[in-house]
There are 2 protein chains.
Amino acid sequence: MIKTSDEKYLKAIYQISLAENSSKATISELAYYLDLKPPTVLERLKILQEEKLITYKKAKGIVLTKIGEKESLNVIRKHRIWETFLHKVCKFSWSEVHELAEQLQNANSEKLIDRIYALSGSPKFDPHGDPIPDKSGKLPTSERRPLLNSVEGCKCVVLGVNEDSHDFLNYLTELKIGLNDKLFVEKIFVFDGSIKVKYKNNENAVLSSRVAEKILVTCTKPNCTCKN
Amino acid sequence: MIKTSDEKYLKAIYQISLAENSSKATISELAYYLDLKPPTVLERLKILQEEKLITYKKAKGIVLTKIGEKESLNVIRKHRIWETFLHKVCKFSWSEVHELAEQLQNANSEKLIDRIYALSGSPKFDPHGDPIPDKSGKLPTSERRPLLNSVEGCKCVVLGVNEDSHDFLNYLTELKIGLNDKLFVEKIFVFDGSIKVKYKNNENAVLSSRVAEKILVTCTKPNCTCKN
DNA sequence: ACACAAAGTTAGGCTTACCTAATAATATTG
DNA sequence: CAATATTATTAGGTAAGCCTAACTTTGTGT
């Protein structure tokens with residue numbers, strides 16, 4: 001079994017490797033992500049390497065081994081299941097679940113994860129719209145894309161977001177845009193790419209391209225011309 | 001707010017002070033309870049004292065201050081609510097909940113405790129039959145007493161146990177004796193005080209006095225002559 | 001291609017939470 | 001009440017996980 005203290009590193013490495021298109025994680029990125037200093041990270045990477053969870057050479061960057069990737073996906077699974085549970089069963093808001101899940105995922109019981117996952121209805125995606133890996137580490141697929149890539153007239157539904165910051169999530173809450181909401185793309189302003197959407201019962205908002213980039217949606221019209 | 005690392009000490013001090021009739025906790029007791037060595041405990045007691053959570057003098061033993069007691073009860077509240085949740089909602093067995101609760105109670109959210117308490121049906125007693133303090137630290141009362149104090153013919157119901165060891169809890173599970181089970185005291189053997197009970201659908205068992213001492217019950221007959 | 005910036009690395013230090021071994025204080029008991 | 005056993009305390013040590021400061025390596029731009 002893997003050390004609890006390894007988990008945050010593995011999760012971070014995985015997220016950086018994939019989320020950033022770059023695909024090679026570096027020490028300073030990791031340090032920044034984890035809010036630590038580079039020497040601290042370096043020190044730990046040596047241990048992770050001894051544990052055969054990563055390989056690291058300054059040329060190649062930090063790369064997860066097969067085992068490392070599997071463990072990472074397991075950490076991510078735990079995290080996302082806790083988030084789902086907190087949101088769906090415990091009725092926490094979208095913006096509250098992340099930190100709490102971080103703390104709870106330290107509890108070390110596969111069985112517990114299974115139970116709370118079942119209690120949450122075993123969905124394939126967490127409340128941020130991120131896919132929940134299965135036990136073997138497989139990720140479900142979806143056609144998520146940024147709202148930004150929409151064309152006028154598009155009807156889509158919110159699957160998640162690209163960013164976890166409180167400021168961003170609170171902004172969405174303020175606008176009353178939440179998971180599974182249907183958005184109608186009324187107008188796109190060529191000037192700066194901002195997007196006017198209608199949703200719920202006559203709510204509407206103009207979203208800056210910076211925001212539209214971070215809202216992940218899928219089209220509900222069959223042959224939508226939106227860019228994926 | 002109190003330090004997470006203080007919590008286990010406070011809980012332990014509280015339990016020792018009350019559970020053991022002695023009522024004054026000592027360093028070696030605490031060390032034994034927490035599976036630490038006395039110098040470690042002593043060192044930490046000095047800090048707890050600076051934080052005004054306890055007073056300690058070797059003559060008087062370790063005594064919780066008002067604040068310390070309140071914090072202890074809050075830790076105990078969290079712990080027992082988690083145990084309740086794990087048992088009632090997540091369907092963990094009686095013997096599994098303790099360790100898991102220990103890990104989960106580190107998560108620091110009053111709100112979360114409230115939610116999972118509500119999900120569990122807000123009972124006054126946890127799955128071991130121990131009372132759950134309310135937010136202000138008040139304990140609900142009950143007429144729990146050891147099964148050992150019963151008289152023949154007594155009808156009682158299991159409210160909890162006096163001991164948390166796996167061996168003991170597994171033994172009860174084996175016998176199929178669980179929380180809220182009704183026990184009929186069929187015979188008491190004067191020889192060694194062991195007790196023959198009938199329960200469920202014709203289950204029956206002879207319980208040694210050592211075991212009967214650790215099963216906590218309350219009588220269901222109005223004017224029972226059992227010793228309290 | 002070389003100077004300067006960015007990233008990585010080394011060395012050494014701090015704090016927390018543990019430990020052991022030795023000593024001191026306090027109880028117990030023959 | 002002296003001898004012994006128990007408990008408390010002190011001193012000093014270790015490992016984990018973090019840090020800063022200084023040095024080295026590796027880009028990058030003109």
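In what follows, chains are A, B, ... by sequence order, proteins preceding strands, each numbered from 1. All values below come from the heavy atoms of this structure, side chains included, with hydrogens, waters and symmetry mates left out.
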In this structure, how many angstroms lie between the [atom2] atom of [N] and the [atom1] atom of [X], rounded?
X     : N      : atom1 : atom2 : answer
B:I47 : C:dT16 : CD1   : P     : 7 Å
B:R44 : C:dT15 : CZ    : C1'   : 12 Å
A:L36 : C:dG8  : CG    : P     : 15 Å
A:I27 : C:dA7  : CD1   : C1'   : 8 Å
B:L42 : C:dA21 : CG    : C1'   : 16 Å
B:L48 : C:dT16 : CG    : P     : 14 Å

In A:W94, A:F92, A:F85, the residue satisfying side chain to side chain contact (heavy atoms under 4.5 Å, CB included) with A:P127 is A:W94
Which part of the nucleic acid does [X] contact within heavy-atom distance under 4.0 Å: base, sugar-phosphate only, or nothing?
X     : result
A:K8  : sugar-phosphate
A:K57 : nothing
B:K3  : nothing
B:Y56 : sugar-phosphate

Crowded around B:K124 NZ? As in, over 12 foreign heavy atoms under 6.0 Å? no
A:Y32 atom OH, over 12 foreign heavy atoms within 6.0 Å: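 Result for OH/A:Y32: open.
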Heavy-atom nearest nucleotide on DNA chain D for A:P38 versus B:P38: which residue maps closer to 5'? B:P38
Can you tell me if the side-chain N/O atoms of A:K37 get under 4.0 Å from OP1 or OP2 in C:dG13?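 Result: no.
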Is the phosphate of C:dA17, meaning OP1 or OP2, less than 4.0 Å from a side-chain N or O of B:S5?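 Checking C:dA17 against B:S5, a side-chain N or O does come within under 4.0 Å of OP1 or OP2.
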Between C:dT9, C:dC18, C:dT20, which one does the side chain of B:E43 approach most closely?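 Within the option list, the nearest is C:dC18.
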Nucleotide nearest B:T40 (side chain, heavy atoms from C-beta), chosen from C:dG8, C:dC19, C:dT10: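 Nearest listed nucleotide: C:dC19.
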Report the distance from atom CG of A:L53 to atom CG of A:L64, rounding to the nearest 0.5 Å.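 It is 8.5 Å, given to the nearest 0.5 Å.
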Would you tell me whether B:E7 and B:H79 have side-chain atoms, one donor and one acceptor, within less than 3.5 Å of each other?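 There is no such pair (donor and acceptor under 3.5 Å, judged by atom type) between the side chains of B:E7 and B:H79.
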Just by distance, with hydrogens left out, do B:S165 and B:D167 show a side-chain donor and acceptor under 3.5 Å apart?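 Per modelled atom types, B:S165 and B:D167 side chains form no pair under 3.5 Å.
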Name the first nucleotide and the last nucleotide along DNA chain D (5' to 3') that come under 4.0 Å of a heavy atom in chain B.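 Contacts span D:dT7 to D:dT10, reading 5' to 3'.
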5' precedence on DNA chain C between A:P39 and B:P39 (nearest-nucleotide basis):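 Whichever sits nearer the 5' end wins; that is A:P39.
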Check this for me, if you would: do A:R210 and A:E163 make a salt bridge, where the nitrogen-to-carboxylate-oxygen distance has to be below 4.0 angstrom?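 No, no charged N to carboxylate O under 4.0 Å.
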